[in-house]
Amino acid sequence: MNQQLQNRHFNILLLFGIAGLVLLFRAMQLQVLDDSFKIKADAVAMSKYTIYPARGLIYDRNGKLLTKNTPVYDLMVIYNQVSPKMDTARFCRLLGIDKEEFKKRLNKDFRRDIRYSKIKPFVFMSRIPPVVFTRFQESLYEFPGFFAQIRNIRSYPVSNAAHVLGYITEVDEEDIKQSKGLYSPGDYIGASGIEAVYERELRGTKGTRYVLKDNLGRDIGSFQEGRFDTLPQSGLDLVSSLDIGLQAYAEELMQNKKGAVVAIEPETGEILAFLSSPTYDPSLMVINKERGDNFRQLQKDSSKPLFNRAVMAQYPPGSIFKTAVGMAGMQMGVVQPGTGFTCPGYYVNSGSDIRKCRSHPYPARVSTALQWSCNSYFFRTFKMIVDKYGYTKPAAGLDTMVNYLHRFGLGRPLGIDFPGEKSGNIPDSKYYDRMYPKERGAWRSPTIISLGIGQGEVELTTVQMANLAAQIANRGYYYIPHFARFFKNGDEAIPPDEKFTTRINNGIDPAYVEEVAKGMELVVAAGTARSSRIPGIAMAGKTGTVQNPHGQDHSTFIAFAPADHPKIAIAVYVENAGGGGRYAAPIASLIIEKYLKGEIDESRKWREKQMRDANLLNPRPRRVTVRRPVVPTGETTAPDPIRN
Amino acid sequence: MTVRDRGIDWMTFSLYLALVAIGWAMIYTVGYKSGYPDNFLDFLETSAGKQLIWVGISMAGFFITWSLDAVFWRNFANIIYTASLVLLVLVLIFGKTIKGATSWFDFGGGVTFQPSEFAKFGTALALSSYLGNYSRGLKSLKHRLYAIAFFLAPLLLILLQPDTGSSLVFLGFFIVLYREGFPGWVFVAGFLLGAILVAGLVNPPLVVVTIIALAGLAVYFRNMPNRHRWWTLALIALCIAAFYGFKLGYGRYTSIGAGVALLGFFLYHWAGKQRDMAVLVFLSFIIGSSVAFFANFAFNNVFAPHQQERILVWLKPNEADPQGAAYNLNHSKMAIGSGGLVGKGYLKGNLTQGNFVPEQITDFIFCAIGEEQGFLGVMVVITLYILLLGRILIIGERQRSDFARLYAYGVASILFVHFFVNIGMTMGLVPTIGIPLPFLSKGGSSLLIFTVMIAVLLKMDARRI
């Protein structure tokens, strides 16, 4: 064997060696240097299933169920696992769709739409009714790439409290982006009301199951014995403060009227009833095919049923504001509980500006002034407040009072557990400085005198009004009104946010608050709301009639009862209903009576019917429902521009 | 000379056993997720069980072979070869067609036999016997052609089945010929033509032609009488110019320019005293260009769509249909790639167990190693193979008879082609050619024949015939 052929022996060995190295290098490239194969492999051979938790249920304060969960089925698909050979015709027949629809649902814009990916599951068809689904499920295995997911949607055993409960809706792209992975397309999220505020507590935690798949998309077992799987955790149940019976009754009384009612339990701040009228049936918001139409209808409705008047409408308070002015005035020392002013039936503001009052007995005390809702008395009190530090320094006086009003929870959002709460408007010196610039002559107490009787620029939300009543009921303190009594996690009760159990002092000497409470008691016993007396219950209240340049006056009333140990405080606001004693006070008294006695006294049944049947919506049907046996009292209907 | 028994070469035997054991373990893991029956008899019905039976049969085959005299194989080489050719003809007539190839004898009861496996053994014996005869060798063209005919005959018969993969394996015998002194330039020329052919399949012929022309120029430059540096620079500049020429869409002019330059040099050298080289280079250019054009023409006009797809999958995987022809390769690559450095662990490969890769336990068994054992496992298996191949070559070189040496090279060549093509195929280095990975893939005929081939080799080595 010559030398050259010996070399060849070596060359062959070299060839084998190099070939081995080439293979090794290629393997290194695939396995170590490039991880895209691993990612792809996981995508084809592993499916991540989301197991949806049950959303927390919402109960009323007596344990009545307000929202429940109803299962529906979503058919999910992983595009890349769909077999091109599948029997599309049969598939469509089972689901009751046509081929076009099938194509439309399957072929998403994978390149641009971030919600869809060919390797990740997306919703092919959502909310399949159980009847259709059961039939389809038997054949599900024939269609690799498709799988079913059980979901819960809300349904409503009662048809009340729509605004309070709110509704859930599918997350949009913005929600998904902001949640940092918490939400995925097709998830539901609380969009308004309690559902939105307590989304975090109610939604629960999604579970995940990783399942290994074979080439036909069939499950072949869990990934790593389920080490990475998690179980879903149900959301917390919420026991709300709402009394659904009371709520339903209030809604009944407020039907065909625009306005709001907020009732609070003063000693806890728990909201007993909360409504904005007109309202709607929460079942309209159940996630189903009709929901879109229902929603559009509600949006188009000129009476704006979706607008939550209880927190979003900022109403001028009218005479109910006198309670606040009285408290601030006494605390600032400009009047004493026993201070009396003569009321000649009018009030001379400045020069020719003379404001009228009604004829009523002499307001010897703050309480008497409230009883008769004396305008002159509160104009004077307010003037003294503003001019406390001198006529030329109205800012100091006004801002001191504004400070108290803020402590009453007026002029800024109370921080209740409800979305969309407006702040109302308590104008301070800066506000008037902007309104009346120095160049055009500064403002003085007569400029803003209307404030003293709750007219002018001042605006409150109904919740703030109810809270004002609650703190007078409590003789000087309140808890932030709230819906959450406690959360239930199985048998464990979890208290709501601490701020709702923290007592907030309103900064007024209890003796002064007592004087105002006394006045409110007189309002009902023998004053402007005496026609709304409840037999056997001492109710304290204050009427308000709000001048409305656009039409009928607004009728408002705040109250609490029983006067000495209040169990309920309430604010009722009825738009375009006339005097405070005419609608707001009777409605408030009926709600209170219902709450405290469980039923309406026989002697007041006609009132109940009258209120329930009254239709103040435009166009107002021309029909008189009930002939009233006695002439309604309350405030006079004198055509004065300013009334109490 | 007395015949002394040196005993078995333990290293080879151990490597062989190790590979068989790894193979069985991998076949077991692939079927793991589908579940195995508790009953042993039922277990034997599964793939892993059947392979266990075949391992037993192969072991028996090993010892039967070991018990035969080594001389037997030399004496019966031609008979075995002839028998294997007869079987290859018979299988075309009586064979069973599976997946379009008439490659199997079906004896019923699930017992099948693939004569092409047997033919590898027969051809290795006969070729060794022919070339081992001192009077022949590879000195004349006639003997060279005869030698080639020995493996060309089974190659063509298998091509008729048609089983392209198995037939191509026989080209591995060229390694034996190389070892025995077959002219080296044939290999170089063959390799170059092969490269041009492959390049011509999917690239525009003009590009290939230009590259060939530039290569021709390089040969001229290298042989310039005075090797000035600027020639090299000029060539580099030409290459860059050609690259941009194509990139900017002046492909035709670039090709013509390169051709004209080559022609100029041809004339220059022709005028000088280097006519032989000038003719050689220019002929190469003409042939190479023809091959490139032919390959491209064939690809576009002769090849069936599924063949085009297969070639695309290999050479331009991104242009192939991922759910079609590229499916196997993609999933094979995914399975191997997902193993990472250390793998997912034994019995935990979800892709291989999920049947994502077709032919998982036969041709694509390597995926299971890649996925479950990772790069480290791959390294071990490849190292075992290279050690085995190297050891066989060493055994071959220490034989006293040409026959035994040639046979050793024959075994090594066949094993090497299987090893490289199979593993290369699973990773996309080599086009998808369905041949098993020796000792590892499931398949009775294959395991038995390779075992016998190794046994015969070890017996020869023990006897040093």
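Chain letters run A, B, ... following the sequence lines, proteins first and then strands; every chain starts at 1.
- Using a 4.5 Å heavy-atom threshold, the side chains of A:Leu24 and B:Phe375 count as touching.
- Here the closest heavy-atom approach between residue A:Gly20 and residue B:Ile382 is recorded as O-CG2, 3.8 Å.
- Contact check for B:Phe416 versus A:Ile12: no side-chain heavy atoms found under the 4.5 Å cut-off.
- Applying the 6.0 Å contact sphere to CZ of A:Phe25 captures no more than 12 heavy atoms from other residues, nucleotides or ligands.
- Among the candidates B:Gly337, B:Gly345, B:Gly184, the residue making the largest number of heavy-atom pairs closer than 4.5 Å to chain A is B:Gly337.
- Note on B:Ile175, B:Ile394, B:Thr426, B:Thr383: by heavy-atom pairs under 4.5 Å with chain A, the leading option is B:Ile175.
- Within the 4.5 angstrom heavy-atom criterion, only side-chain atoms of A:Asn11, from C-beta onward, approach chain B.
- In this structure, the side chain of A:Arg26 engages the main chain of B:Met427 through a donor-acceptor pair within 3.5 Å.
- Not a single donor-acceptor pair under 3.5 Å links the side chain of A:Gln31 to the backbone N or O of B:Ser338.
- A donor-acceptor pair is defined here as one N or O able to donate and one able to accept, closer than 3.5 Å; no such pair exists between the side chain of B:Arg179 and the backbone of A:Arg8.
- With a 6.0 Å radius and a threshold of 12 heavy atoms from other residues, nucleotides or ligands, B:Arg398 has its CZ atom above the threshold.
- Considering CZ of A:Phe37 and CE of B:Met334, their distance stands at 8.5 Å, rounded to 0.5 Å.
- B:Tyr32 OH: 12 or fewer foreign heavy atoms inside a 6.0 Å radius.
- The most heavy-atom pairs under 4.5 Å with chain A, out of B:Leu341, B:Leu389, B:Val430, come from B:Leu389.
- Only the side chain of B:Tyr409 comes within less than 4.5 Å of a heavy atom in chain A; its backbone stays farther off.
- The two residues B:Ile386 and A:Phe16 come nearest to each other via the heavy atoms CD1-O, 3.2 Å.
- Here B:Gly374 is the residue among B:Gly374, B:Gly390, B:Gly339, B:Gly370 with the most heavy-atom pairs under 4.5 Å with chain A.
- Contact tally against chain B (heavy-atom pairs below 4.5 Å) for A:Val22, A:Leu23, A:Leu33: the top residue is A:Leu23.
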